[in-house]
Amino acid sequence: MIIKSSSYAVSAVREDQYPKDNLPEIALAGRSNVGKSSLINTLLKRKNLARTSSQPGKTQTLNFCKVNEKFYLVDVPGYGYAKVSQKKRQEFGEMIQDYLETRPNLKGLIILVDSRHEPTKDDIAMYDYAQYLNIPILVVCTKMDKIKKSQTNKVMSGLKKKLNLNYDHVTVLTFSSVTKLHVTELSNWIEKRINE
């Protein structure tokens, strides 16, 4: 997929604020600070379309980025961040759930996990929930540049220990926004989903 254009479209917290033009959507979910913004910026070849922050938990709305005038990437608020109040976390949860369960345009979900650690309770809960939604899932192990090449097998076995990856609709990729590892494969996965 060649990226010709990308722009921030809208931030939403409820259905009446979502885009109305019926384009396909790919959502990105992951813990705060897992590298979602970096992945979006790398994929779209932009420096700061999605704002990276040293403060996790900054994304508090569903942020829609329009790509090639053909589809949206939807950045979902990060989960598992302790400094956000319990009430706020519940609101995020309900907002994410409403979007993921009711959006007919949603063609796939990218779940990001930090390759330096085994999937957390929150990662596992998100993955299990995504199975319930019955949509194509791409699990992306981020920050691969921060671990030794020899550790790749360890990352994959840690992932398999915590998540049941034996589903036809689940794909796994390792990724680095620094070395651009598997950017093309990520792009191809998205292209396939939006054209189905």
- Just wondering, do V113 and Y127 contact through their side chains at under 4.5 Å, heavy atoms? no
- Checking side-chain contact (heavy atoms from CB on, under 4.5 Å) for the pair K107/I135: CA distance, chi angles, key distance, verdict? CA-CA 7 Å; K107 300 298 180 189; I135 55 171; over 6 Å; no
- Are D122 and R31 close enough for a salt bridge, meaning some N to O gap below 4.0 Å? no
- Message: Test: ring-ring contact (aromatic ring centres under 6.0 Å, His included). Region: residues 169-196. Which pairs qualify, not counting sequence neighbours?
- Response: Y167-H169
- Message: Could you see if L106 belongs to whatever hydrophobic cluster contains Y132? Use Ile, Leu, Val, Met, Phe, Trp, Tyr and a side-chain cutoff under 4.5 Å.
- Response: yes
- Sub-4.5 Å side-chain heavy-atom contact between E101 and L133: yes
- Query: Does I40 belong to the same Ile/Leu/Val/Met/Phe/Trp/Tyr cluster as L112, with side-chain heavy atoms less than 4.5 Å apart forming each link?
  - Reply: yes
- Query: More than 12 heavy atoms of other residues, nucleotides or ligands under 6.0 Å from CD of E15: is that the case?
  - Reply: no
- Message: Tell me if the NZ atom of K66 is crowded by more than 12 foreign heavy atoms within 6.0 Å.
- Response: yes
- Query: At what distance, to the nearest 0.5 angstrom, does CG of N195 lie from CD1 of I190?
  - Reply: 11.5 Å
- Task: Can you label the angle between the Y99 ring and the F64 ring as parallel, tilted or perpendicular, going by 30° and 60°?
- Result: perpendicular
- K20, NZ atom: more than 12 neighbouring heavy atoms under 6.0 Å: yes
- Message: Is there a path of hydrophobic side-chain contacts, each under 4.5 Å between heavy atoms, that joins V74 and L109?
- Response: yes
